[in-house]
Amino acid sequence: MPSLPLVAGVAVLAISAGGAVTASGAGVTALTSSGSSLDAAGSIGTAAGQALSRRGVVVSRDGTRSSGEETDPELVALAEKQMAEREAKLAEIRKSAEKQAAKIKENKWLLPLDVYQITATFGQYGLWASYHTGLDFNGNTGDPIHAIANGTVTSTGYDGAYGNKTVVTLDDGTEIWYCHQTSIYVSVGERVYGSDVIGTVGATGNVTGSHLHLEVRPGGGGPVDPFNAFVEHGIVP
């Protein structure tokens with residue numbers, strides 16, 4: 001088959017001589033002078049379109065490149081693991097916050113030591129100048145002491161026979177005395193909540209062994225039986 005330049009050249013020569021040609025898939029046909037030069041041009045366009053169609057569909061390089069890209073499965077697994085760890089941590093924080101909020105709202109009393117034995121009760125006589133004014137929780141030196149309820153620290157420091165003492169005034173005005181401590185972790189004016197660690201068990205002051213001496217003083221007045229106070233707040237020491 002003649003090439004497109006050849007066909008175009010023949011058509012131009014024929015038109016200039018007063019005639020016309022048409023191009024078809026089989027060859028070139030001459031027309032009479034009554035034919036139109038537009039017929040030749042249209043035929044040439046048809047031939048060009050047929051030639052282009054035989055080249056096939058042009059494929060976009062960009063489309064081919066993007067369709068071949070793949071995500072690294074290791075990176076996907078790492079991202080999913082990090083997301084799961086983050087969600088687990090957030091759930092843990094939410095749970096802790098909800099628990100603390102409920103505790104603050106109810107303000108229930110808690111026991112001051114995790115492991116203990118009651119070794120002396122309120123009103124006993126014998127080892128004390130008059131009578132025993134608190135409740136003794138036997139423990140090992142260094143055991144953590146927990147605040148039994150929400151309140152504000154109103155006194156800290158050494159106090160003679162009481163040894164190292166922390167006083168926490170509860171929201172209703174009741175004073176809680178924590179005595180014979182080895183260490184004091186809080187300061188005057190600090191806000192504490194039930195279960196917060198405020199110090200450690202010790203043997204400072206007048207003692208025969210390591211323990212926590214706890215007193216309950218409503219309105220900052222004289223001591224009352226801590227055992228009864230705990231029972232009134234739903235706890236039996």
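One-based numbering along the sequence shown.
Here D172 pairs with L170, T174 under the side-chain contact (heavy atoms from CB on, under 4.5 Å) rule; sequence neighbours left out. By the ring-ring contact (aromatic ring centres under 6.0 Å, His included) test, F227 pairs with no residue at all, sequence neighbours left out. Legend: residues meeting side-chain contact (heavy atoms from CB on, under 4.5 Å) with I235, ordered by chain and number and at least two apart, are W109, L111, F230. Residues that satisfy the side-chain contact (heavy atoms from CB on, under 4.5 Å) test with V207, not counting sequence neighbours, are H180, A203, H211. Applying the side-chain hydrogen bond (donor to acceptor under 3.5 Å, both in side chains) test to T119 and every residue at least two apart in sequence or in another chain returns nothing. F137 pairs by the ring-ring contact (aromatic ring centres under 6.0 Å, His included) definition with Y116, not counting sequence neighbours. For D159, the side-chain hydrogen bond (donor to acceptor under 3.5 Å, both in side chains) partners at least two apart in sequence or on another chain are K165. Among residues two or more places apart in sequence or in another chain, the side-chain contact (heavy atoms from CB on, under 4.5 Å) test is passed with V197 by P144, H146, Y185.
Looking at T154, its side chain never comes within 3.5 Å of a backbone N or O of V168 through a donor-acceptor pair. Listed for the T200 side chain is a donor-acceptor partner under 3.5 Å among the backbone atoms of S183. Judged by distance alone, with hydrogens and angles left aside, the side-chain atoms of T204 form a donor-acceptor pair with the main-chain N or O of Q181 at under 3.5 Å. Without hydrogens or angle criteria, T152 side chain to T169 main chain gives no donor-acceptor distance under 3.5 Å.
Residue pairs meeting the salt bridge (Lys or Arg N to Asp or Glu O under 4.0 Å) criterion with at least one member in residues 144-158, sequence neighbours excluded, do not occur. Sorted by first and then second residue, the salt bridge (Lys or Arg N to Asp or Glu O under 4.0 Å) pairs involving residues 217-237 (not counting sequence neighbours) are E215-R217.
Of all heavy-atom pairs between N138 and S210, the closest is OD1-O, 3.0 Å. In terms of heavy-atom proximity, V186 sits nearest to V153 at CG2-CG2, 3.7 Å. Heavy atoms only, all atoms of each residue included: G194 and L110 are closest at C-CD1, 3.4 Å. In this structure, L214 and P226 approach most closely via the heavy-atom pair O-CG, 3.6 Å. Closest approach of N164 and Y158 over heavy atoms only: OD1-CD1, 3.4 Å. Closest approach of I198 to A147, counting heavy atoms only: CG2-CB, 4.0 Å.
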Applying side chain to side chain contact (heavy atoms under 4.5 Å, CB included), run through I118 and D136 and close with a yes or a no. CA-CA 6 Å; I118 300 297; D136 285 356; over 6 Å; no

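Atom OG1 of T166 sits about 4.0 Å away from atom CD1 of I184, to the nearest 0.5 Å. Interatomic distance, L113 CG to D143 CG, rounded to the nearest 0.5 Å: 6.5 Å.
Within 6.0 Å of CD on Q117 lie no more than 12 heavy atoms contributed by other residues, nucleotides or ligands.
By the 4.5 Å side-chain criterion applied to Ile, Leu, Val, Met, Phe, Trp and Tyr, M83 is assigned to no cluster and stands alone. In the hydrophobic clustering, where aliphatic and aromatic side chains (Ile, Leu, Val, Met, Phe, Trp, Tyr) are joined below 4.5 Å either directly or transitively, V167 groups with Y162, W177.
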